[in-house]
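Notes follow once the structure below has been shown.
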Protein chains: 2
Amino acid sequence: MVYRDSFHKTLEDYPRPSVAVDTAVLTVPPGGELAVVIVSNRLPGTFIHPGERLSDAVLRSLREKAGIEGLRPRQLLVFDDPDRDPRGWVISVAHADAIPTRRLNPNRSHYLLPVARLDKLDYAHNEIVELAVAELRADYVAAPDPAQLLEEPFTLRELHTLHEAVAGEPLQRDTFRRAMVPMLAATGERSTGSMGKPAELYRRG
Amino acid sequence: MVYRDSFHKTLEDYPRPSVAVDTAVLTVPPGGELAVVIVSNRLPGTFIHPGERLSDAVLRSLREKAGIEGLRPRQLLVFDDPDRDPRGWVISVAHADAIPTRRLNPNRSHYLLPVARLDKLDYAHNEIVELAVAELRADYVAAPDPAQLLEEPFTLRELHTLHEAVAGEPLQRDTFRRAMVPMLAATGERSTGSMGKPAELYRRG
DNA sequence: GTAATAGTGTCTTTCAGACAGTATTCA
DNA sequence: TGAATACTGTCTGAAAGACACTATTAC
């Protein structure tokens with residue numbers, strides 16, 4: 001059987017795939033390492049509903065499966081292997097975003113896995129996580145905490161520690177400072193309660 | 001009506017969108033500027049067929065609508081506005097690739113439009129072209145002619161002219177040379193027939 | 001010869017890496 | 001006071017921008 005294209009042909013003639021979304025939600029627990037939100041050994045996902053945007057399907061799946069609200073997920077890539085899903089012909093659009101750990105709802109069935117030591121997830125979800133991590137790392141090279149994981153105001157040390165967690169490797173302290181300070185807004189306030197000289201508190205520029 | 005997810009639920013219960021592909025094919029005519037292949041005021045596209053990969057649908061649409069063969073299109077992004085297409089619920093996956101102008105079939109209904117002066121295309125196709133151009137430009141900063149638009153062997157002048165056409169702006173000659181030579185393989189041969197000192201001929205490293 | 005093109009030398013600026021130094025706080 | 005942390009000064013090396021210079025060809 002052959003399906004032919006024509007502008008005036010009705011769409012009903014074409015068999016259609018189911019369209020799903022899967023989302024890698026990254027976070028950095030305080031003092032911890034970069035981790036991804038997992039629900040029963042895979043990324044939270046769902047099928048899109050009629051009239052729905054992909055991003056709305058992502059938000060719905062995160063709300064229902066992990067109690068996460070208020071993200072702005074970005075598309076990563078489309079998985080289109082017709083044999084990928086045993087249930088049938090499914091096309092899956094991978095998404096990614098990051099969220100502060102304090103906004104994760106602890107009374108839920110999801111859990112965090114560090115991305116550096118990730119076992120095999122169901123489907124091709126490891127690849128999604130890798131892409132999400134690569135995007136987040138690229139963003140964090142260019143700007144201070146672009147995903148707004150830190151609560152304002154913050155010290156340069158807190159920012160440095162966060163960026164090292166995202167990068168997965170040490171970042172030179174003075175180079176980091178010189179690169180970031182011009183993109184930050186100093187508050188004039190100083191940190192309190194810590195050992196050593198109190199640090200300037202900053203907000204994102 | 002509400003559609004609920006369940007691993008064991010059959011996929012037949014879900015209304016499904018049609019899934020299309022649209023492709024921005026970029027090229028640089030000899031001595032010309034960066035241009036995109038257009039078919040009747042839009043990018044070539046089609047609906048995917050059952051069992052087909054997105055990239056195969058792209059290749060099929062390019063073959064049937066523009067006589068183009070042998071590309072390896074890359075995904076750019078998914079257009080998912082439910083009201084985008086007047087024919088119904090259509091999700092479109094934008095793709096991009098580049099092709100040497102000499103491989104374009106002139107006996108076809110497609111035509112080239114320079115990307116610098118692009119009128120409004122149908123659908124949201126201008127955005128696809130912009131993304132495709134941005135990706136191509138990023139690739140051409142990092143490597144000599146990664147899309148293999150030039151026939152080998154080529155001189156540094158030819159490479160330089162091509163990279164300027166892709167970038168859409170002048171590129172410093174000596175800096176360009178120093179950046180590219182380590183990534184090229186000198187043939188030991190020299191160009192002939194031109195004014196001035198004959199140039200070394202190179203192949204891609 | 002001149003015009004045109006190919007290719008090199010080198011100075012300056014910029015910036016990351018590296019390391020050492022000074023400054024200010026807590027215990 | 002010493003330990004810990006914040007912040008700055010400065011040297012070095014790599015690379016880009018800029019410009020001038022030499023080299024080899026066609027005419």
Side-chain angles (χ1 to χ4, degrees), chain A residues 28 30-32 137-146 150-205, chain B residues 28 30-32 137-146 150-205:
Chain A
V28 178
R137 283 181 178 161
D139 291 345
Y140 269 72
V141 168
D145 189 22
L150 281 183
E151 261 182 305
E152 295 182 322
F154 48 79
T155 67
L156 263 170
R157 161 173 290 262
E158 291 166 335
L159 187 68
H160 185 234
T161 303
L162 170 65
H163 277 244
E164 285 190 328
V166 170
E169 62 181 15
L171 300 175
Q172 187 131 334
R173 196 167 57 99
D174 41 9
T175 300
F176 179 80
R177 167 184 296 271
R178 275 184 263 259
M180 290 299 162
V181 164
M183 295 186 278
L184 294 170
T187 62
E189 310 273 304
R190 303 257 147 189
S191 65
T192 59
S194 68
M195 186 70 77
K197 178 174 173 178
E200 177 77 39
L201 291 170
Y202 293 91
R203 300 180 182 278
R204 293 173 203 94
Chain B
V28 178
R137 284 182 176 158
D139 291 344
Y140 269 72
V141 168
D145 190 22
L150 281 183
E151 261 182 304
E152 294 183 321
F154 49 80
T155 66
L156 264 171
R157 161 172 288 262
E158 291 166 334
L159 187 68
H160 184 234
T161 302
L162 170 65
H163 276 245
E164 285 191 328
V166 170
E169 62 182 15
L171 300 175
Q172 187 133 329
R173 196 170 57 100
D174 42 7
T175 301
F176 178 80
R177 167 185 296 273
R178 274 184 264 260
M180 290 300 163
V181 164
M183 294 185 278
L184 293 170
T187 62
E189 311 273 303
R190 302 258 148 188
S191 65
T192 57
S194 69
M195 187 69 80
K197 177 174 172 178
E200 178 78 37
L201 290 170
Y202 293 90
R203 299 179 182 281
R204 294 175 203 92

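Just so it is clear, the model here is predicted, and its values are computed rather than measured. Lettering of chains follows the sequences in order, A, B, ..., and the numbering in each one begins at 1.
Between the CG atom of A/L156 and the P atom of D/dC7 there is a distance of 6 Å, rounded to whole Å. Regarding A/L171, its CG atom lies at a distance of 13 Å from the C1' atom of C/dA16, rounded to whole Å. Taking atom CE on B/M180 and atom C1' on C/dA6, their separation rounds to 18 Å, with Å as the unit.
Contact annotation for A/S191: no contact, since no heavy-atom pair falls under 4.0 Å across all strands. If you check every strand for non-hydrogen atoms under 4.0 Å, A/R190 touches sugar and phosphate atoms only. Base engagement by B/R177 is indicated by at least one non-hydrogen atom pair under 4.0 Å involving a base atom.
For A/R157 and D/dA6, the shortest distance from a side-chain N or O to OP1 or OP2 is below 4.0 Å. Within the 4.0 Å cut-off from OP1 or OP2 of D/dA16, not a single side-chain nitrogen or oxygen of B/Q172 is found.
For B/R173 against D/dG17, a side-chain-to-base donor-acceptor contact under 3.5 Å is absent. No N or O donor and acceptor, one from the side chain of B/R178 and one from the base of D/dG17, sit under 3.5 Å apart.
Closest heavy-atom contact between B/V28 and B/V166: CG2-CG2, 4.1 Å.
With C/dA23, C/dA6, D/dG17 as the choices, the nucleotide that has an atom nearest any side-chain atom of A/K197 turns out to be C/dA23.
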